[in-house]
Amino acid sequence: MRTTSVEFQDQFDSLDKHTQWGIDFLERYAKFVKERIEIEQNYAKQLRNLVKKYCPKRSSKDEEPRFTSCIAFFNILNELNDYAGQREVVAEEMAHRVYGELMRYAHDLKTERKMHLQEGRKAQQYLDMCWKQMDNSKKKFERECKEAEKAQQSYERLDNDTNATKADVEKAKQQLNLRTHMADENKNEYAAQLQNFNGEQHKHFYVVIPQIYKQLQEMDERRTIKLSECYRGFADSERKVIPIISKCLEGMILAAKSVDERRDSQMVVDSFKSGFEPPGDFPFEDYSQHIYRTISDGTISASKQESGKMDAKTTVGKAKGKLWLFGKKPKGPALEDFSHLPPEQRRKKLQQRIDELNRELQKESDQKEALNKMKDVYEKNPQMGDPGSLQPKLAETMNNIDRLRMEIHKNEAWLSEVEGKTGGRGDRRHSSDINHLVTQGRESPEGSYTDDANQEVRGPPQQHGHHNEFDDEFEDDDPLPAIGHCKAIYPFDGHNEGTLAMKEGEVLYIIEEDKGDGWTRARRQNGEEGYVPTSYIDVTLEKNSKGAVTYI
């Protein structure tokens, strides 16, 4: 655009179109920024909704995540929520620094462009007016010159005509002088208008128009500079939040590094640790004694046979009662002393309760101390308050302290009982237990163990006809319905307590499916029940069976 004005004397319309294109481009970029802002806002909103969807809804302390993998995930959600906040900051910065500035500048630019174009049109109109005045004077001068020429010809014709009178010749001469005089005046007027037009035209093309073009050039350059600044501001809006976003990402990485698989595994162990001792060895039951009986000891043998039958019944009863150790636990309400829980879990629950009670006791003690101090102040300064007004609250606090101490004492007694039993069981363990453990592939299914010491270590068959309380509690339960049948592919000796021995090819009833631990609960036709390895049998389930259960 930095050229002589003459080159642009007929390019005014082109500059008009160019400057309009520049404003249109500016508004197009502003529209682009606006759409980018909407994308950032929607992105931040969707991220926040995602975080809200996967954040835990904690209604109690028991539901709070404890595993390091869970805690790490929730920390990542928090960092992602902060990341969404930074996207909102980017949108706000772009809206204020880029989009808002562009819209204001576009309005000012349109006003300035309109003013410059109006000045250019006015200058052109003024020059056109000067040209018209000059052209009119020129035409008038031309017309008067033609009239003077005609008057000259008429005068010469009459002057040479012998028949013309002197009056006619004189009149023609006067007409010639008049036309000549008017031609001279129009000549002077035309010369003045021509000089004025030439001056205005020079001024127009060398002063006015260059000035207007220069203003349009500066305006267009400022528009270009403003676009450059907005481009930079667009990038700076993103760059400003990069350090914070980097911290969010670093927080996610630290959360990932904080995952401790051994700690999580230990939590699982602590959560499900029962504290029960593994079952003891099965005693040898000698069924060959009847081979050696004689007539002389028939009475004794009969007594032994009856005793053997009674022991067998007792053994079956015990096996039936103890099946819940590997499967379903007996249902019942939770007890205050947590005696329905395994020893280790009971100990943890009691310890937690004692800690909570001690914290409450400390609060009540602090409140008691504060009330006593306030009472002393009131007694020394009666105008500050009535000491008797604190007596009801003090009495209530004392009652709470006594109640909490009784609760702590009671729970500590239960805790001592549990710790004593646990220690006793640990002392009863002997090295021979290790020699009788089954291989890992034939271990008993997972489940809880009873805290009845009489059932943990089985001794020789008892010689009395009644069962203990534990056996009576479960012996009368209705047997579970069969949900299918199975055929033994391999023999299984069933040495471990709660399992069922089987021979290859033997057909058994299925009463409980494999829950994922590798064991299936089965029953013989004689009613004997127990667990067998799922990999040792070929299972056929009846889907429409009344007792069929589907595990998810």
Side-chain angles (χ1 to χ4, degrees), residues 1-39 93-143 189-238:
M1 292 182 63
R2 294 184 181 278
T3 58
T4 61
S5 60
V6 178
E7 295 179 8
F8 289 94
Q9 58 185 353
D10 58 347
Q11 297 297 324
F12 192 79
D13 292 339
S14 299
L15 291 178
D16 185 358
K17 294 179 181 179
H18 173 74
T19 53
Q20 182 61 46
W21 171 86
I23 293 177
D24 293 340
F25 183 80
L26 185 73
E27 292 179 338
R28 184 183 179 191
Y29 178 68
K31 184 179 179 182
F32 162 77
V33 175
K34 181 180 179 182
E35 293 183 3
R36 169 64 188 278
I37 291 171
E38 293 175 353
I39 291 174
E93 185 72 12
M94 287 183 178
H96 173 71
R97 183 176 177 181
V98 182
Y99 181 73
E101 185 66 23
L102 281 174
M103 296 307 295
R104 288 190 297 270
Y105 185 75
H107 179 269
D108 297 340
L109 194 64
K110 290 178 181 179
T111 304
E112 183 181 357
R113 173 181 174 274
K114 183 178 180 181
M115 181 186 67
H116 294 324
L117 293 179
Q118 286 178 350
E119 290 178 355
R121 291 189 182 96
K122 288 180 180 180
Q124 188 65 42
Q125 290 174 359
Y126 178 72
L127 183 63
D128 292 341
M129 183 189 69
C130 293
W131 181 83
K132 286 180 181 180
Q133 290 177 354
M134 184 271 297
D135 188 59
N136 289 334
S137 63
K138 176 183 177 181
K139 290 178 180 179
K140 191 174 179 181
F141 171 60
E142 182 181 5
R143 188 171 57 252
E189 178 68 19
Y190 167 63
Q193 292 294 337
L194 179 61
Q195 184 179 4
N196 180 65
F197 171 75
N198 288 333
E200 293 297 333
Q201 180 177 253
H202 185 277
K203 180 181 179 182
H204 176 82
F205 287 111
Y206 287 93
V207 179
V208 178
I209 289 300
Q211 183 67 26
I212 294 174
Y213 284 178
K214 182 179 180 181
Q215 292 173 351
L216 288 173
Q217 178 181 356
E218 292 175 352
M219 180 193 73
D220 195 65
E221 289 177 351
R222 289 198 306 272
R223 176 191 62 83
T224 306
I225 293 173
K226 176 60 68 174
L227 279 173
S228 175
E229 292 175 353
C230 291
Y231 293 161
R232 190 180 299 110
F234 185 86
D236 287 340
S237 300
E238 184 91 18

Mind checking what makes ring-ring contact (aromatic ring centres under 6.0 Å, His included) contact with Tyr29, not counting sequence neighbours?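 Phe32, Tyr231.
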Could you work out, with side chain to side chain donor-acceptor pair (under 3.5 Å) as the rule, every residue matching Ser137, not counting sequence neighbours?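 So Ser137 forms no side chain to side chain donor-acceptor pair (under 3.5 Å) with any residue.
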Arg36: partners by side chain to side chain donor-acceptor pair (under 3.5 Å), with sequence neighbours left out: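 Arg36 satisfies side chain to side chain donor-acceptor pair (under 3.5 Å) with Glu40, Glu238 once adjacent residues are dropped.
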In terms of heavy-atom contacts, does CD of Glu218 have more than 12 from other residues, nucleotides or ligands at under 6.0 Å?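 Check passes, neighbour count above 12.
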Distance-only, no hydrogens or angles: does the Arg113 side chain make a donor-acceptor pair with backbone N or O of Asp16 under 3.5 Å?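 Here the side-chain-to-backbone pair exists.
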Look at the side chain of Thr224 and the backbone N and O of Asp220, then say whether any donor-acceptor pair between them is shorter than 3.5 Å.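 Checked: pair present.
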Minimal non-hydrogen separation, [X] against [Y], with atom names:
{"X": "Arg104", "Y": "Glu101", "answer": "NH2-OE1, 2.8 Å"}
{"X": "Ala123", "Y": "Val208", "answer": "CB-CG1, 3.4 Å"}
{"X": "Tyr105", "Y": "Met219", "answer": "OH-O, 4.0 Å"}
{"X": "Leu216", "Y": "His116", "answer": "CD2-CB, 3.6 Å"}

About how many Å separate [atom2] of [Y] and [atom1] of [X], when rounded to the nearest 0.5 Å?
{"X": "Cys230", "Y": "Ile225", "atom1": "SG", "atom2": "CD1", "result": "12.0 Å"}
{"X": "Asp236", "Y": "Glu93", "atom1": "CG", "atom2": "CD", "result": "8.5 Å"}
{"X": "Leu102", "Y": "Leu26", "atom1": "CG", "atom2": "CG", "result": "5.5 Å"}
{"X": "Ile23", "Y": "Arg223", "atom1": "CD1", "atom2": "CZ", "result": "8.5 Å"}
{"X": "Asn198", "Y": "Gln193", "atom1": "CG", "atom2": "CD", "result": "11.0 Å"}
{"X": "Ser237", "Y": "His96", "atom1": "OG", "atom2": "NE2", "result": "10.0 Å"}

Looking at Lys226 and Glu229, is there a salt bridge between them, counting it only when a charged N and a carboxylate O are closer than 4.0 Å?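 Lys226 and Glu229: salt-bridged.
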Residue list, salt bridge (Lys or Arg N to Asp or Glu O under 4.0 Å) with Arg222, at least two apart or on another chain: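 By the salt bridge (Lys or Arg N to Asp or Glu O under 4.0 Å) rule, Arg222 matches Glu112.
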Would Met115 and Glu119 satisfy side-chain contact (heavy atoms from CB on, under 4.5 Å), going step by step from the backbone distance to the final call? CA-CA 6 Å; Met115 181 186 67; Glu119 290 178 355; 4.1 Å; yes
Among pairs that include at least one residue of residues 122-137, which meet salt bridge (Lys or Arg N to Asp or Glu O under 4.0 Å), considering only residues two or more places apart or in two chains?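 Sorted pair list: Asp135-Lys139.
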Do any pairs count as a salt bridge (Lys or Arg N to Asp or Glu O under 4.0 Å) and have a residue in residues 22-35, sequence neighbours left out, and if so which ones?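 Every salt bridge (Lys or Arg N to Asp or Glu O under 4.0 Å) pair that includes a residue of residues 22-35, provided the two are not neighbours, is Glu27-Lys110.
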Residue pair [X] / [Y], side-chain heavy-atom distance below 4.5 Å:
{"X": "Leu117", "Y": "Arg121", "result": "yes"}
{"X": "Met129", "Y": "Gln133", "result": "yes"}
{"X": "Met103", "Y": "His107", "result": "no"}
{"X": "Glu189", "Y": "Phe141", "result": "no"}

Pick out which of Glu200, Lys203, His204 makes a side-chain contact (heavy atoms from CB on, under 4.5 Å) with Cys130.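 Between Cys130 and the candidates, side-chain contact (heavy atoms from CB on, under 4.5 Å) is satisfied uniquely by Glu200.
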Decide yes or no on side-chain contact (heavy atoms from CB on, under 4.5 Å) for Met94 and Phe234, but give the supporting numbers first. CA-CA 6 Å; Met94 287 183 178; Phe234 185 86; 3.6 Å; yes
Output, in order, the C-alpha distance, side-chain angles, deciding distance and verdict of side-chain contact (heavy atoms from CB on, under 4.5 Å) for Met134 and Asn196. CA-CA 8 Å; Met134 184 271 297; Asn196 180 65; over 6 Å; no
